[in-house]
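Keep in mind that the numbers below use all heavy atoms, side chains included, and drop hydrogens, waters and symmetry copies.
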Amino acid sequence: MMIYQTVDIETKREYELVRDLLHAEGLRFEEGVDYTVGIFDHGLLIATGSLQKNVCKMIAVRSDYRGENLTATVVLQLMHKLNERGIYKYFLFTKPDGVKFFTYYNFRMVAETPSVALLENRFDTIDEQLGRMTENLVPKGTSRAAIVMNCNPVTLGHLYLIEKAARKNDDVIIFLVEENRSVFSFEIRHRLLKKATEHIKNVTILPSTEYIISSITFPTYFLKTITDESRLYME
């Protein structure tokens with residue numbers, strides 16, 4: 001049995017090795033990650049994986065080291081780091097041919113295209129979150145519309161669109177982008193939007209959750225051009 005060294009990637013040189021390995025395996029390094037692990041065999045980087053908040057990504061193993069369970073070692077280290085940070089809901093990107101492998105590590109499919117698959121762990125799944133929303137969402141008629149909005153902050157333009165949708169439909173759901181990468185926090189944006197729409201009786205405001213417009217987007221490291229990235233994001 002071979003014994004390899006597992007280390008946290010920290011130096012510029014180590015990150016260069018990560019980039020080289022990803023490139024060799026047909027992947028691309030994506031900026032913005034906050035943790036990367038590497039497995040070395042006497043100074044040779046043979047496997048790696050990264051985290052961006054609660055997303056596992058850029059998992060790769062040198063082709064001549066496959067079959068040694070290194071992917072599992074990387075994934076378990078990433079999960080350990082997430083749990084260490086108190087993060088228990090997380091996601092993972094992989095190519096479609098890798099989906100079956102990750103299901104053995106408590107991941108399930110969320111969505112898939114011919115080029116990339118998004119998986120989640122089995123804690124507070126999309127089905128469970130939708131179930132909670134449905135419990136408090138009483139249909140107000142036969143037609144329903146949905147709008148995804150950031151409202152940073154809510155404007156008369158937003159209000160015009162909401163009012164128009166409300167006139168044309170019995171029921172309107174506004175999915176307010178939840179991720180706080182805006183000038184105004186989600187709590188402030190939610191409070192302002194609720195106040196602005198209080199006169200529209202067939203509107204319901206719901207958080208977007210992590211499944212609508214969040215940092216969990218299709219990763220660039222699987223893609224060759226920005227055009228491909230845009231196409232996969234739309235898919």
How long is the gap from [atom1] on [X] to [atom2] on [Y], to the nearest 0.5 Å?
X: Leu118; Y: Phe93; atom1: CG; atom2: CZ; value: 4.5 Å
X: Tyr4; Y: Leu70; atom1: OH; atom2: CG; value: 6.5 Å
X: Leu78; Y: Met58; atom1: CG; atom2: CE; value: 10.0 Å
X: Leu45; Y: Asp20; atom1: CG; atom2: CG; value: 9.0 Å
X: Gln5; Y: Leu44; atom1: CD; atom2: CG; value: 12.0 Å
X: Tyr105; Y: Met79; atom1: OH; atom2: CE; value: 9.5 Å

I'd like to know if the side chain of Arg189 pairs up with that of Asn150 as donor and acceptor (distance under 3.5 Å, no hydrogens or angles considered).
yes

With sequence neighbours left out, the residues meeting side-chain hydrogen bond (donor to acceptor under 3.5 Å, both in side chains) with Arg132 are Asp124

Taking only residues two or more places apart in sequence or in another chain, which ones pass side-chain hydrogen bond (donor to acceptor under 3.5 Å, both in side chains) with Thr6?
none

Using the rule given for side-chain contact (heavy atoms from CB on, under 4.5 Å), can you reason through Val75 versus Phe107, listing the C-alpha separation, both sets of side-chain angles and the distance that settles it, and then say yes or no?
CA-CA 11 Å; Val75 171; Phe107 285 94; 4.2 Å; yes

Would you please name every residue forming a side chain to side chain contact (heavy atoms under 4.5 Å, CB included) with [X], sequence neighbours left out?
X: Glu187; value: Asn180, Ser185
X: Asp127; value: Arg108, Thr125
X: Ala24; value: none

In the hydrophobic cluster built from side-chain contacts under 4.5 Å, what are the other members alongside Ile205?
Ile147, Met149, Val154, Leu159, Leu161, Ile162, Val172, Ile174, Leu176, Val183, Phe184, Phe186, Ile188, Leu192, Leu193, Ile200, Val203

Shared-cluster residues of Tyr88, by chain and number - hydrophobic side chains joined below 4.5 Å:
Phe123

Minimum heavy-atom separation for [X] and [Y], please, with both atom names.
X: Glu84; Y: Lys81; value: OE1-NZ, 3.0 Å
X: Met133; Y: Leu206; value: SD-CD1, 4.1 Å
X: Pro114; Y: Pro96; value: O-CG, 3.5 Å
X: Met109; Y: Glu112; value: CE-OE1, 3.5 Å

Would one find more than 12 heavy atoms of other residues, nucleotides or ligands at under 6.0 Å from atom NZ of Lys194?
no

Looking at His199, I'd like to know if its NE2 atom is crowded, meaning that more than 12 non-hydrogen atoms belonging to other residues, nucleotides or ligands lie closer than 6.0 Å.
yes

Quick test of your reading: applying ring-ring contact (aromatic ring centres under 6.0 Å, His included), list the pairs with at least one residue in residues 133-177, sequence neighbours left out, ordered by first then second residue.
none

Would a 4.5 Å heavy-atom cut-off, applied to side chains only, mark [X] and [Y] as touching?
X: Ile59; Y: Leu92; answer: yes
X: Tyr15; Y: Thr48; answer: no
X: Val177; Y: Ile212; answer: no
X: Cys56; Y: Leu82; answer: yes

Looking at Glu16 and Arg19, does any basic side-chain N land under 4.0 Å from a carboxylate oxygen?
no

Is the shortest side-chain N to carboxylate O distance from Asp97 to Lys95 below 4.0 Å?
no

Pairs in or reaching into residues 154-164: which pass salt bridge (charged side-chain N to carboxylate O under 4.0 Å, His left out), with residues at least two apart or in two chains?
none

Show every salt bridge (charged side-chain N to carboxylate O under 4.0 Å, His left out) that has at least one partner inside residues 138-154, sequence neighbours left out.
Lys140-Asp171, Arg144-Asp171

Validation: residues 32-41 side-chain donor-acceptor distances under 3.5 Å, sequence neighbours left out:
residue: Asp34; atom: OD1; partner: Arg85; partner atom: NH1; Å: 2.7
residue: Asp34; atom: OD2; partner: Lys53; partner atom: N; Å: 2.7
residue: Tyr35; atom: OH; partner: Asp8; partner atom: OD1; Å: 2.6
residue: Tyr35; atom: OH; partner: Gln77; partner atom: NE2; Å: 3.0
residue: Thr36; atom: OG1; partner: Ser50; partner atom: OG; Å: 2.8
residue: Asp41; atom: OD2; partner: Tyr65; partner atom: OH; Å: 2.6

The criterion is ring-ring contact (aromatic ring centres under 6.0 Å, His included); which residues satisfy it with Phe102, sequence neighbours excluded?
none

Under 3.5 Å: donor-acceptor pair, side chain of [X], backbone of [Y]:
X: Thr94; Y: Ala117; result: no
X: Glu25; Y: Leu21; result: no
X: Asn169; Y: Ser143; result: no

Decide yes or no on side-chain contact (heavy atoms from CB on, under 4.5 Å) for Val116 and Thr113, but give the supporting numbers first.
CA-CA 5 Å; Val116 64; Thr113 76; 3.6 Å; yes

For Glu120 and Lys89, run side-chain contact (heavy atoms from CB on, under 4.5 Å): C-alpha distance rounded to whole Å, both residues' side-chain angles, the deciding distance at 0.1 Å, then the answer.
CA-CA 8 Å; Glu120 66 176 348; Lys89 178 63 191 176; 2.7 Å; yes

